[in-house]
Q: 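Got a structure for you, written out below as structure tokens; questions coming shortly.
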Amino acid sequence: MMKMQKSEYRPVTDEERRRLEQNRCSASDWHSLFVKDSTDLSLIRDVDFEGRVCIGALSPEASHPNGISRARIADSTLGDYVLIRNIGREIRGAEIRDDVQIENVAAIIFEPEAPCGVGVMASVLDETGSRPVRFYPDLSSQTASLMALKPRWAEDSLFPQLDDLAEQSPASHSIGIGSIIRDSGLIKNVHIDAGVRIEGASRLSNGSIINNADSSRPLSYIGAGVDAENFMIVDGVADSGAILRNTFVGQGAILEKGFTAHDSVFFANSSMENGEACALFAGPYSVSMHKSTLLIGCMLSFMNAGSGTNQSNHMYKLGPVHWGILERGVKTSSFSYIMLGAKVGPFSLVMGSHKNHPDSSEFPFSYLFGDDKGATTVVPAMMLRSCGLLRDEKKWPTRDRRLKRKLRMLDRVHFAVLNPMTVARILDAIDLMRELQIKPADDDGFIRYKGMKLRRAHLQRAEIIYGEAICKYLYERIGENDLPEATSDTPEEWVDLGGQLITRSTLRSVLEADTLSEADAILDKAYETFEADELRWIADRLPDEWRRRKADWSLGAENFDRHIEEDRTMYRDGLSAEHSMLAL
């Protein structure tokens with residue numbers, strides 16, 4: 001934290017005191033008021049000073065309006081060329097840096113030793129506080145995922161380090177260089193970084209607004225009607241009536257249009273409007289746009305919630321103890337419902353009502369249909385023929401709001417739809433489906449597995465589609481090149497850690513790291529070596545069946561692309577027909 005040179009300030013002289021009194025100013029103790037030689041006292045009018053107050057340079061010739069009027073300033077230090085006017089109550093305990101503009105604000109108050117949002121705990125997932133995510137300025141989606149999914153590790157290893165960090169570097173009670181605060185209500189114990197704009201906020205309490213970009217192009221912003229308490233915004237946006245309680249808004253994330261959230265975290269480039277989140281872990285690129293949507297007690301990423309999407313996490317006898325996981329890329333249709341706990345496999349589409357705690361994680365890229373009794377029917381692999389899936393894969397990187405600001409990116413994100421995790425699931429699903437096809441169907445024609453219903457014909461078709469996807473993946477990664485030699489008889493298992501794909505051994509190394517910086521270094525290295533690790537995994541994991549079929553990879557990839565194009569053409573033709581129907 002930059003410290004202003006106290007030697008630059010000096011006590012006001014008797015003559016300066018008289019001039020300030022002529023400008024209708026008062027002080028509880030004039031000996032505690034300090035100015036600089038370059039402070040133009042004519043720019044200070046109608047101000048009450050209390051306690052020790054230091055005022056920086058003021059000049060009518062500055063590049064922007066500056067001065068202090070109609071305000072009460074207590075126990076604060078003001079930098080050069082600040083503009084402070086029309087303060088309803090007071091500014092107390094603040095360190096206000098150079099070129100800050102504060103107008104029409106009810107009050108800005110910093111209490112001694114206030115944490116300013118650092119250390120706030122969000123009770124994500126089960127709401128009971130047994131899986132808390134703890135806020136700090138460098139919190140990433142990966143570290144937060146470990147807190148939520150490995151609470152014992154967080155309690156024993158991570159939280160003591162964060163305690164030490166908070167003790168060594170206490171929260172700054174400052175308003176950063178060039179920041180602007182206008183037309184807002186009470187702002188209490190809120191650290192504001194350089195360049196941040198707050199315009200029309202209703203109330204802000206116990207929080208930090210962090211800007212890691214150039215101060216002239218910040219991502220962080222607080223807009224009209226925002227009411228936030230116990231929060232942290234790191235290169236993110238809260239706007240247009242958003243209400244936040246115990247909420248973290250990460251880099252490029254936007255919460256707006258009346259969205260309400262409590263005990264929730266949102267990471268890279270998530271967009272939330274109109275609806276509600278409760279105990280939500282929203283990984284990168286999570287999207288909800290509708291007023292009737294409730295996201296509760298679940299972990300998700302790359303997710304798109306349809307209108308009326310709902311989950312249930314409450315057990316009457318024990319309270320809200322259920323939680324679930326919607327793995328990366330899950331979409332929900334309008335008015336879909338899932339009774340938690342549940343786990344939905346990656347890149348699946350959820351439709352209807354699901355009340356039997358489904359676990360479709362072994363069937364990626366599936367359609368999940370809920371019937372009128374809440375049972376789940378799974379149609380595996382069908383999402384692989386959706387043109388929208390590859391459209392998403394291409395658009396996600398282009399919509400990264402962090403890139404233009406050249407930020408130090410906290411969240412590590414892999415975008416590929418076909419990747420070691422999803423392809424491993426596909427390979428395992430093919431083996432599982434072959435076993436299921438041997439089983440006799442029940443009287444209603446369904447094969448049942450883990451409470452879900454599947455049809456034999458769907459399993460047979462899914463095996464073909466899954467096979468084409470594997471060909472597509474291998475042809476894109478290997479092409480006509482020679483296959484790498486296998487290095488291990490036990491191929492690595494891959495996991496999705498908050499949007500980053502890592503091996504299980506990397507995860508173990510992170511959990512065994514002695515310090516948070518060491519854990520971050522391991523994750524950074526894994527991100528940098530992903531492609532090499534992926535090729536090594538392909539060599540180790542690829543069954544002999546697929547090695548023998550290398551000549552068929554290009555044909556399988558062509559079939560995969562053809563089905564995608566057929567889907568795109570079908571939708572375009574349907575859209576053209578609709579437009580013709582609506583023509584004047």
Side-chain angles (χ1 to χ4, degrees), residues 1-112 114 116 170-182 184 187-196 198 215:
M1 181 178 70
M2 182 185 73
K3 293 290 186 183
M4 295 182 180
Q5 297 298 319
K6 298 301 181 184
S7 60
E8 296 180 5
Y9 298 92
R10 59 166 178 77
V12 294
T13 65
D14 290 341
E15 175 59 27
E16 289 170 332
R17 184 197 70 187
R18 284 191 291 270
R19 291 179 58 190
L20 288 170
E21 289 176 334
Q22 288 174 357
N23 292 344
R24 297 178 299 280
C25 297
S26 65
S28 61
D29 180 3
W30 286 107
H31 295 97
S32 297
L33 180 63
F34 297 81
V35 296
K36 294 183 177 181
D37 291 339
S38 53
T39 304
D40 187 333
L41 300 183
S42 68
L43 297 177
I44 304 175
R45 293 181 175 273
D46 300 295
V47 181
D48 296 329
F49 299 105
E50 179 184 328
R52 180 184 173 88
V53 176
C54 299
I55 304 173
L58 297 173
S59 172
E61 298 178 358
S63 60
H64 60 80
N66 62 113
I68 309 170
S69 61
R70 296 181 295 281
R72 179 182 178 85
I73 312 292
D75 300 314
S76 297
T77 298
L78 314 183
D80 295 339
Y81 309 116
V82 300
L83 175 65
I84 299 175
R85 60 189 178 195
N86 299 335
I87 305 302
R89 181 176 161 191
E90 65 178 353
I91 293 176
R92 178 178 292 273
E95 185 172 351
I96 299 175
R97 307 290 174 78
D98 297 348
D99 301 312
V100 169
Q101 300 179 46
I102 304 174
E103 300 182 82
N104 305 318
V105 175
I108 297 176
I109 298 172
F110 287 94
E111 296 175 321
C116 296
S172 172
H173 293 180
S174 63
I175 299 175
I177 295 173
S179 57
I180 297 174
I181 308 172
R182 292 185 178 137
S184 297
I187 299 175
K188 184 176 182 180
N189 299 329
V190 178
H191 164 70
I192 300 165
D193 256 356
V196 170
I198 300 175
S215 60

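Each residue takes its place number in the sequence, starting with 1.
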Q: With heavy-atom distances below 4.5 Å as the criterion, would you say the side chains of E50 and R72 are in contact?
A: yes
Q: I'd like to check V100 versus L83 (side-chain heavy atoms, cut-off strictly below 4.5 Å). Are they in contact?
A: no
Q: Side-chain contact, heavy-atom cut-off 4.5 Å: E16 with V35?
A: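 When only atoms from C-beta onward are counted, V35 and E16 do touch, with a gap below 4.5 Å.
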Q: Just wondering, are more than 12 heavy atoms of other shown residues or ligands nearer than 6.0 Å to CZ in R17?
A: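 Yes.
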Q: Taking atom CG of D48 and atom CZ of R70, what is their separation to the nearest 0.5 Å?
A: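 Atom-to-atom, D48:CG and R70:CZ are 13.0 Å apart.
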Q: Hey, what do you get for NE2 (H191) to CZ (F110), rounding to the nearest 0.5 Å?
A: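 H191 atom NE2 to F110 atom CZ measures 8.0 Å (nearest 0.5 Å).
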Q: Please assess R92 against D75 for the test salt bridge (Lys or Arg N to Asp or Glu O under 4.0 Å), listing each intermediate value before the final yes or no.
A: CA-CA 6 Å; R92 178 178 292 273; D75 300 314; 3.5 Å; yes
Q: Inspect the contact between E15 and R18 and indicate whether a charged nitrogen and a carboxylate oxygen are less than 4.0 angstrom apart.
A: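 Yes, this pair counts.
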Q: What distance do D80 atom CG and D98 atom CG have between them, rounded to the nearest 0.5 Å?
A: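 It comes to 4.5 Å.
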Q: Atom CD1 in I55, atom CG in L33: separation rounded to 0.5 Å?
A: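 Reported to 0.5 Å precision, the distance equals 5.0 Å.
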Q: I want to check something: taking the side chain as every heavy atom from C-beta on, are I102 and I96 in contact at a cut-off of under 4.5 Å?
A: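 SC-SC contact between I102 and I96 confirmed.
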Q: State, to 0.1 Å, how close N66 and L58 come at their nearest heavy-atom pair, and which atoms those are.
A: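 For N66 versus L58, the nearest heavy atoms are OD1-CA, 3.3 Å.
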Q: Please lay out, stage by stage, how L20 and I44 fare under the test side chain to side chain contact (heavy atoms under 4.5 Å, CB included).
A: CA-CA 7 Å; L20 288 170; I44 304 175; 4.0 Å; yes
Q: Check C116 against S172 and note the closest heavy-atom contact, atom names and distance.
A: SG-O, 4.0 Å
Q: Which residue in the set L43, L78, T39 passes side chain to side chain contact (heavy atoms under 4.5 Å, CB included) when paired with I68?
A: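 In the set L43, L78, T39, the residue that makes a side chain to side chain contact (heavy atoms under 4.5 Å, CB included) with I68 is L78.
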Q: For residues A114 and A171, report the shortest heavy-atom separation together with the two atoms involved.
A: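 The answer is O-CB, 3.8 Å.
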Q: Among residues two or more places apart or on two chains, list those pairs meeting salt bridge (Lys or Arg N to Asp or Glu O under 4.0 Å) that have a residue in residues 23-34.
A: R24-D46
Q: Not counting sequence neighbours, which residues clear side-chain contact (heavy atoms from CB on, under 4.5 Å) with S59? List them please.
A: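 Checked S59 against side-chain contact (heavy atoms from CB on, under 4.5 Å); matches are E61, Y81.
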Q: Using every non-hydrogen atom in the two residues, find where V82 and G79 come nearest and quote the distance to one decimal.
A: CG1-O, 3.5 Å
Q: I need the R52 CZ to S76 OG distance, nearest 0.5 Å.
A: 11.5 Å
Q: State the OG-CD1 distance between S179 and I198, to the nearest 0.5 angstrom.
A: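 One finds 7.5 Å between OG of S179 and CD1 of I198.
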Q: A side-chain contact here means heavy atoms from C-beta on lying under 4.5 Å apart; do I187 and I109 qualify?
A: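 Contact flag for I187/I109 side chains = no.
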Q: Less than 4.5 Å apart, side chain to side chain, heavy atoms only: is that true for T77 and Y9?
A: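 A side-chain contact exists here, since the closest heavy-atom pair is under 4.5 Å.
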Q: Can you confirm whether R97 sits close enough to S174 that some side-chain heavy atom of one is under 4.5 Å from a side-chain heavy atom of the other?
A: yes
Q: Side chain to side chain contact (heavy atoms under 4.5 Å, CB included) for F34 and E8? Distances and angles first, verdict last.
A: CA-CA 9 Å; F34 297 81; E8 296 180 5; over 6 Å; no
Q: If you look only at pairs with a residue in residues 99-110, which of them pass as a side-chain hydrogen bond (donor to acceptor under 3.5 Å, both in side chains), with sequence neighbours excluded?
A: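 Only H64-D99, R85-E103, N86-N104, Q101-R182, E103-R182, N104-D183 qualify under side-chain hydrogen bond (donor to acceptor under 3.5 Å, both in side chains).
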Q: Which atoms form the tightest heavy-atom contact between H173 and E111, and what is the distance?
A: CE1-O, 3.1 Å
